[in-house]
Amino acid sequence: MARVTLSGVQKVYDGGVIAVADFNLDIADKSFVVFVGPSGCGKSTTLRMIAGLESITAGELKIDGRMVNDVPPKDRDIAMVFQNYALYPHMTVFENMAFGLTIRKLPKAEIRRRVEEAASMLEITHLLERLPRALSGGERQRTALGRALVRDPKVFLLDEPLSNLDARLRTTMRKELKELHDRLKTTFIYVTHDQTEAMTMGDMIVVMKDGYIQQAASPQDLYHRPANMFAATFIGAPSMNLFAGTLRLEGEQMFADFGRFALPLPARLREHRRVREYVGRSVVFGVRPTDLDDAPERLEKHPEWVVTLPVEQKELLGAEMNVYLKEGDFKLTAVLENQAKAESGKPLSLCLDLEKLHIFDAETEQSILVV
């Protein structure tokens, strides 16, 4: 078992600087949890508190039901992989991987067995006699993972381990880390600022901002049911379109009014209790760029959801293109097929899929659709 529970955990530095505030999270055994957020949001500080490298100002941290607030890092049965790999330059790969076991005075035969087993799993057996300076970035990363792996810990902690790799190698290592987790069936807690890493690797994603959890959910829920505007815009590339507007009731019909547009809401939203409570009030509408369509059949099926705006710019991205539209202060971004007839300076008609519309409270920035 490797369940990790944080209850009301806080980290306050000298001078009253709050790095982490009232952090509450239950991390299930064998799960892969990702902490994601911008620089300074508290994600690495939280990881270091779990590791025992930072003291906890308030709250409780439990691993397998055991309070570990004051337990030294070496006695927590965790292993941590750092952003800079932290390899000893004068030691071979074998010696780097074996170092922690040597300190613990395990038998040499057991050390060799563990190192060779981990090296085989990570496909670095042929590198065991090399020094770190003779390794590529990916090989150094595997060595750092191997050093954690040989300890057979209850929990793996990974602090932005792929950030020093190039884009192609990051993609490969994401896949390998996920496969490693599936083989080991051990709890992984992973910190990154990269939302792509978070979405592709995590069973649960914890979005943080200014020391607070904004939302903790599965990748699917986080993408389709963001709890607030920050979570909505931080996850997804390009970011979700947000525009201020109001909800208006006219007879049995309800309209989303924004800019010069007035689009009728589908029954799912029109009959939603919380949505009806916001009639006449300021809200913020959200539409993901992938929920805009220029296909003729879509435009014909839902002419009531069509908006026409001039194209400001477009970016070709292989099979897709990002199209940026602007009229006055109103902006919209769409992800379309690369054959879309989008020309700079010319109008483009798009159908907004209002079945997937997000609505946020303009003051609290909380979703009125996610309870």
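Atoms considered below: every heavy atom in the structure, side chains included; atoms not considered: hydrogens, waters and symmetry mates. Keep in mind the model is a prediction, meaning the values are calculated, not measured. Residues take their numbers from the sequence shown, with the count starting at 1.
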Salt bridge check: are [X] and [Y] linked by an N-O gap of less than 4.0 Å?
X: K341; Y: E343; answer: no
X: R273; Y: E277; answer: yes
X: R3; Y: D64; answer: no
X: E139; Y: R142; answer: no

**Prompt:** Run the side-chain contact (heavy atoms from CB on, under 4.5 Å) check on R140 and L87 step by step: do they pass?
**Reply:** CA-CA 8 Å; R140 291 179 188 178; L87 301 177; 4.0 Å; yes

Under 3.5 Å side-chain donor-acceptor pair for [X] and [Y]:
X: S120; Y: T125; value: no
X: S31; Y: D203; value: no
X: N96; Y: T143; value: no
X: S55; Y: K11; value: yes
X: E54; Y: Y13; value: yes
X: T192; Y: E160; value: no
X: Q214; Y: N228; value: yes

For [X], does the [atom1] atom sit with more than 12 other heavy atoms under 6.0 Å from it, leaving out its own atoms?
X: Q253; atom1: CD; value: yes
X: R168; atom1: CZ; value: no
X: R133; atom1: CZ; value: no
X: E304; atom1: CD; value: yes
X: D329; atom1: CG; value: no
X: K178; atom1: NZ; value: yes
X: E123; atom1: CD; value: no

So which heavy atom on [X] is nearest to which on [Y], and how close?
X: G202; Y: V34; value: CA-CG2, 3.6 Å
X: F23; Y: V206; value: CZ-CG1, 4.3 Å
X: V150; Y: M97; value: CG2-O, 3.2 Å
X: V279; Y: M254; value: CG2-CE, 3.7 Å
X: L299; Y: L350; value: CD2-C, 3.8 Å
X: P226; Y: H358; value: CD-CE1, 3.5 Å

**Asked** Given the rule in the side-chain contact (heavy atoms from CB on, under 4.5 Å) test, do V306 and L352 qualify, once you have shown the distances and angles that lead to the verdict?
**Response** CA-CA 6 Å; V306 173; L352 277 69; over 6 Å; no

Side-chain touch [X]/[Y], heavy atoms, less than 4.5 angstrom:
X: F156; Y: T187; answer: no
X: I78; Y: I63; answer: yes
X: L128; Y: T92; answer: no
X: L184; Y: M121; answer: yes
X: L157; Y: I50; answer: yes
X: P238; Y: V335; answer: yes
X: L325; Y: L348; answer: yes
X: I205; Y: F32; answer: no

**Request:** Go through Y212 and F230 one step at a time and tell me if the ring-ring contact (aromatic ring centres under 6.0 Å, His included) criterion holds.
**Result:** CA-CA 12 Å; Y212 288 90; F230 180 82; over 10 Å; no

**Asked** Does the salt bridge (charged side-chain N to carboxylate O under 4.0 Å, His left out) test come out yes or no for R298 and E300, once each step is laid out?
**Response** CA-CA 5 Å; R298 186 70 177 167; E300 292 172 8; over 6 Å; no

**Prompt:** Is it the case that one hydrophobic cluster holds both F99 and I124, taking links as side-chain heavy atoms less than 4.5 Å apart, direct or via other members?
**Reply:**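 Different clusters.
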
Starting at [atom1] of [X], measure out to [atom2] of [Y] and round the result to the nearest 0.5 Å.
X: F258; Y: L242; atom1: CZ; atom2: CG; result: 12.0 Å
X: Y324; Y: E312; atom1: OH; atom2: CD; result: 10.0 Å
X: L6; Y: L61; atom1: CG; atom2: CG; result: 5.0 Å
X: E176; Y: Q141; atom1: CD; atom2: CD; result: 10.0 Å
X: L263; Y: H302; atom1: CG; atom2: NE2; result: 12.0 Å
X: M199; Y: R174; atom1: CE; atom2: CZ; result: 12.0 Å

**Request:** Could you walk me through whether K301 and E297 pass salt bridge (charged side-chain N to carboxylate O under 4.0 Å, His left out), step by step?
**Result:** CA-CA 6 Å; K301 184 177 181 180; E297 59 271 21; over 6 Å; no

**Item:** Chi angles and distances behind the side-chain contact (heavy atoms from CB on, under 4.5 Å) call for V287, L357
**Value:** CA-CA 6 Å; V287 176; L357 182 70; 3.6 Å; yes

**Message:** Would you call the rings of H181 and F188 parallel, tilted or perpendicular, taking 30° and 60° as the class edges?
**Reply:**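 Rings of H181 and F188: perpendicular, over 60°.
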
**Aromatic plane relationship, F261 with F330 - under 30° parallel, 30 to 60° tilted, over 60° perpendicular** =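 Tilted: the ring planes of F330 and F261 meet at 30° to 60°.
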
**Request:** For the pair D26 and T5, evaluate side-chain hydrogen bond (donor to acceptor under 3.5 Å, both in side chains) and give the outcome as yes or no after the intermediate values.
**Result:** CA-CA 5 Å; D26 191 9; T5 305; 3.1 Å; yes

**Derivation and outcome, side-chain hydrogen bond (donor to acceptor under 3.5 Å, both in side chains), residues T308 and S349** = CA-CA 4 Å; T308 302; S349 293; 2.7 Å; yes

**Asked** Given the rule in the ring-ring contact (aromatic ring centres under 6.0 Å, His included) test, do F35 and Y190 qualify, once you have shown the distances and angles that lead to the verdict?
**Response** CA-CA 6 Å; F35 296 168; Y190 188 102; over 10 Å; no

**Message:** Using modelled atom types and a 3.5 Å cut-off, is there a donor and acceptor pairing between side-chain atoms of N338 and backbone atoms of G318?
**Reply:**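 Yes, the answer is positive, given that a donor and an acceptor are paired below the 3.5 Å cut-off.
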
**Asked** Pick from V155, L53, L158: which one makes a side chain to side chain contact (heavy atoms under 4.5 Å, CB included) with M80?
**Response**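 Between M80 and the candidates, side chain to side chain contact (heavy atoms under 4.5 Å, CB included) is satisfied uniquely by L53.
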
**Message:** Can you see whether Y223 has R288 sitting over its ring - NZ or CZ less than 6.0 Å from the centre and within 45° of the normal?
**Reply:**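 Positive - R288 is close enough to the ring of Y223 and near enough to its axis.
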
**Message:** Set out, in order, the CA-CA distance, both residues' side-chain angles and the distance that settles side-chain contact (heavy atoms from CB on, under 4.5 Å) for E95 and H90, then state yes or no.
**Reply:** CA-CA 9 Å; E95 291 167 338; H90 62 288; over 6 Å; no

